[in-house]
Engineer: 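I'd like to ask you about the structure that follows.
This structure is a prediction, so every number in the text was calculated from the model and none was measured. When reading the values below, keep in mind they use all heavy atoms of this one structure, side chains included, and skip hydrogens, waters and symmetry mates.
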Amino acid sequence: MYDHIILRYGEISLKGKNRKGFITSLKKRVKQVLADYPAIEVHQSFDRMIVKLNDEDPEPILMKLKTIFGIHSLSVAIKTDHDIDLIKEKALQLVKDQMGNESMTFKVTVRRPFKQFPHRSQDMNRDIGGYVLSNTEKLTVDVHHPDMELKVEVKQDGAYLSCNNSEGAGGLPTVQDNKVMLMLSGGIDSPVAGYLTMKRGVKVEAVHFHSPPFTSERSRQKVEDLVKVLSRYGGDIRLHIVPFTNTQKAIQKEMPDNYSMTIMRRMMMRITEKLAEKNNALAIATGESLGQVASQTIQSMNTINEVTNYPVLRPLISMDKIEIMRISRAIDLYDISIRPYEDCCTVFLPEAPKTKPKREHANKFEQYLPIEELVEEAVNGVETILIKEKDDSFDELL
């Protein structure tokens, strides 16, 4: 029965002169996600995007569209001609399909951007609502809090009828030249930070610090699986695997135990900044949430941030663990994140890390480290792979 899906932009509509670029990016992403359905057509307008199904099943297509940033809401719809009697019949058909055998309340909302249609919106609200009401049982009107809202949009090419919106991913569509390096561990927080960063229209490349033999290949596979899930929302993602064993050994040998976590994070930040320069990224994103652990106090962040001039994005900064876990579960990351394979941060975790480290102390201790040599060695040893959205393979890149 349904022959179209209506996509509503939400926040994009507020972007003024930038709106056209965002809509173009969104349309490109919609076509990319629906590439397995060659019969489908995608048409854009000022405040809507219309997907013409051409006999495809709408359910799997809806599921794919719900992963696309930039879509505020979406609805399956029926299209009919500019004929008020046809519109009434389709409205009745749609309402009956939505309500089944249940008792429900409803309202009709008509939008008429095609002003040449010779029926006013308020008249259509009354006429369509009256027709549906007189031809159904167990249905009553509630214009304030209805169980079902029948929407009719009269556009130039016809009338589109839909009931009840599904929630989209929201946010902004990805703009390719807005690139950020995501510091990605194997835990719960940083993958969620990656998701929320992408939600703001940003393309991410992930950076993971790997310390064999202290961290296993299963730990690395866990990170690749996390990136695979993130690629559902942001398309193909490059993952940079940084060899970090020698750096961590040097820190463990030369640094005071209570400052080792701070120095390790500072080294990670230096290496990530070099990778950002090399890959034309504009910022660094992390999974830090203020006050959760020793490296995430405001004093720690102040000391760690000293080593980079790049903006450091922290989308989780005000969230508590329960909120982060809720998002992780909702986007299918949680079960991967809790696999019991330790990353380099947990393997070398000191017994009593400094919670209020000072910059002057960190700088003093780092005098005993060959910082430039360690950074250069790590950057030169990076392995980069492309995690693909469409299949389970990946490409090794130089």
Side-chain angles (χ1 to χ4, degrees), residues 179-187 189-191 193-194 197 203-228 230-231 236-255 260-288 295 304-310 312-314 336-337 339 341-349 366 369-387 394-398:
K179 188 189 296 185
V180 166
M181 306 305 286
L182 169 68
M183 296 175 69
L184 183 68
S185 71
D189 299 344
S190 58
T197 301
K203 182 71 176 176
V204 303
E205 293 193 9
V207 180
H208 177 68
F209 293 86
H210 189 48
S211 296
F214 304 104
T215 54
S216 68
E217 284 302 308
R218 289 179 296 182
S219 173
R220 171 176 166 154
Q221 183 61 54
K222 175 182 176 181
V223 170
E224 291 178 8
D225 291 345
L226 289 169
V227 175
K228 181 66 179 178
L230 290 175
S231 72
D236 298 351
I237 297 176
R238 284 158 56 104
L239 170 62
H240 306 278
I241 307 291
V242 179
F244 203 53
T245 306
N246 289 343
T247 301
Q248 289 201 282
K249 284 183 176 179
I251 292 171
Q252 189 179 42
K253 180 180 178 181
E254 301 292 345
M255 298 296 101
S260 62
M261 178 64 72
T262 301
I263 304 300
M264 183 188 72
R265 295 288 297 178
R266 282 163 64 102
M267 291 300 294
M268 287 179 168
M269 195 67 75
R270 290 183 175 105
I271 293 166
T272 304
E273 181 183 74
K274 291 293 183 184
L275 292 174
E277 292 173 359
K278 191 174 180 179
N279 292 280
N280 301 313
L282 302 175
I284 296 168
T286 77
E288 292 164 308
S295 66
I304 292 166
N305 260 48
E306 183 187 19
V307 302
T308 181
N309 289 320
Y310 270 54
V312 179
L313 311 180
R314 297 180 171 94
I336 302 173
S337 292
R339 291 177 190 169
Y341 310 131
E342 294 181 311
D343 59 33
C344 64
C345 294
T346 52
V347 167
F348 285 86
L349 185 68
E366 285 180 345
L369 277 181
I371 291 174
E372 292 185 7
E373 293 176 19
L374 291 170
V375 170
E376 184 177 0
E377 177 189 12
V379 171
N380 290 339
V382 166
E383 177 190 356
T384 300
I385 59 178
L386 180 66
I387 307 292
F394 61 81
D395 291 337
E396 292 193 19
L397 305 172
L398 296 178

Engineer: So how far is it from Asp236 CG to Lys203 NZ, rounded to the nearest 0.5 Å?
Structural biologist: 6.0 Å
Engineer: To the nearest 0.5 Å, what is the distance between OG on Ser190 and CE on Met183?
Structural biologist: 9.5 Å
Engineer: Would you say that more than 12 heavy atoms from the other residues, nucleotides or ligands in this model lie under 6.0 Å from the NZ of Lys274, or not?
Structural biologist: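 Counting other residues, nucleotides and ligands, NZ of Lys274 stays at 12 neighbours or fewer.
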Engineer: Counting only heavy atoms from other residues, nucleotides and ligands, does the tally under 6.0 Å from CG of Asn380 exceed 12?
Structural biologist: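 Enclosed.
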Engineer: Do you know the tightest heavy-atom contact between Ala378 and Ile271?
Structural biologist: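 Heavy atoms of Ala378 and Ile271 come nearest at CB-CD1, 3.6 Å.
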Engineer: Test Asn279 against His240 for side chain to side chain contact (heavy atoms under 4.5 Å, CB included), laying out the working first.
Structural biologist: CA-CA 11 Å; Asn279 292 280; His240 306 278; 3.8 Å; yes
Engineer: Please give me the minimum heavy-atom distance between Thr308 and Glu273, naming the atom from each residue.
Structural biologist: OG1-OE2, 2.6 Å
Engineer: Check for a donor-acceptor pair, side chain of Thr245 on one end and backbone N or O of Pro212 on the other, with a separation under 3.5 Å.
Structural biologist: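 Looks like yes, one N/O pair under 3.5 Å.
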Engineer: Would you say Met267 and Val375 make side-chain contact, with heavy atoms under 4.5 Å?
Structural biologist: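 Yes, their side chains come closer than 4.5 Å.
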Engineer: Yes or no on salt bridge (Lys or Arg N to Asp or Glu O under 4.0 Å) for Glu366 and Arg270, after CA distance, side-chain angles and deciding distance?
Structural biologist: CA-CA 13 Å; Glu366 285 180 345; Arg270 290 183 175 105; 2.7 Å; yes
Engineer: Any ion pair linking Glu383 and Arg220 (charged N to carboxylate O, less than 4.0 Å)?
Structural biologist: yes
Engineer: If I compare all heavy atoms of Thr272 with all of Phe209, which pair ends up nearest, and what's the gap?
Structural biologist: OG1-CZ, 3.6 Å
Engineer: Should we count CD of Glu376 as having more than 12 external heavy atoms under 6.0 Å?
Structural biologist: no
Engineer: Within this structure, what is the CD-CD distance for the pair Gln248 and Gln252, rounded to the nearest 0.5 Å?
Structural biologist: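 Nearest 0.5 Å value for the CD-CD distance: 8.5 Å.
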Engineer: Minimum heavy-atom separation for Ala281 to Tyr310, with atom names?
Structural biologist: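 That would be O-CE2, 3.4 Å.
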Engineer: Does a sphere of radius 6.0 Å around CD in Glu373 hold more than 12 heavy atoms from other residues, nucleotides or ligands, not counting ones at 6.0 Å or beyond?
Structural biologist: no
Engineer: Can you name the nearest heavy-atom pair linking Thr384 to Val382, along with the distance?
Structural biologist: OG1-CG1, 3.7 Å
Engineer: Nearest 0.5 angstrom please: Arg266 CZ to Ile304 CD1, how far?
Structural biologist: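 Reported value, rounded in 0.5 Å steps: 8.5 Å.
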Engineer: Dump the intermediate steps for side chain to side chain contact (heavy atoms under 4.5 Å, CB included) on Val180 and Leu313, then the final yes or no.
Structural biologist: CA-CA 9 Å; Val180 166; Leu313 311 180; 4.0 Å; yes
Engineer: Output the distance between atom CZ (Phe244) and atom CE (Met268), rounded to the nearest 0.5 Å.
Structural biologist: 4.5 Å
Engineer: Using side-chain heavy atoms (C-beta onward) and a distance below 4.5 Å, is Ile385 in contact with Glu224?
Structural biologist: yes
Engineer: Which is it for Met255 and Met261 under the side chain to side chain contact (heavy atoms under 4.5 Å, CB included) test, yes or no, and what are the steps along the way?
Structural biologist: CA-CA 10 Å; Met255 298 296 101; Met261 178 64 72; over 6 Å; no
Engineer: Report the residue from Leu226, Val207, Val227 that forms a side chain to side chain contact (heavy atoms under 4.5 Å, CB included) with Leu239.
Structural biologist: Val227
Engineer: Which residues pass the side-chain hydrogen bond (donor to acceptor under 3.5 Å, both in side chains) test with Thr197, sequence neighbours left out?
Structural biologist: none
Engineer: Rounded to the nearest 0.5 Å, what's the gap from CG on Leu275 to CD1 on Ile284? Could you check?
Structural biologist: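 Leu275 CG to Ile284 CD1: 9.0 Å, rounded to 0.5 Å.
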Engineer: Below 4.5 Å, heavy atoms only, C-beta onward: do Asp225 and Arg339 meet side chain to side chain?
Structural biologist: yes
Engineer: Which heavy atom of Ala250 sits nearest to which heavy atom of Leu374, and what is that distance?
Structural biologist: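 Shortest heavy-atom separation between Ala250 and Leu374 comes out as CB-CD1, 4.1 Å.
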Engineer: Can you check whether His210 reaches Glu217 side chain to side chain, under 4.5 Å on heavy atoms?
Structural biologist: yes
Engineer: Can you check side chain to side chain contact (heavy atoms under 4.5 Å, CB included) on Lys222 and Ile336, steps first, answer last?
Structural biologist: CA-CA 7 Å; Lys222 175 182 176 181; Ile336 302 173; 4.1 Å; yes
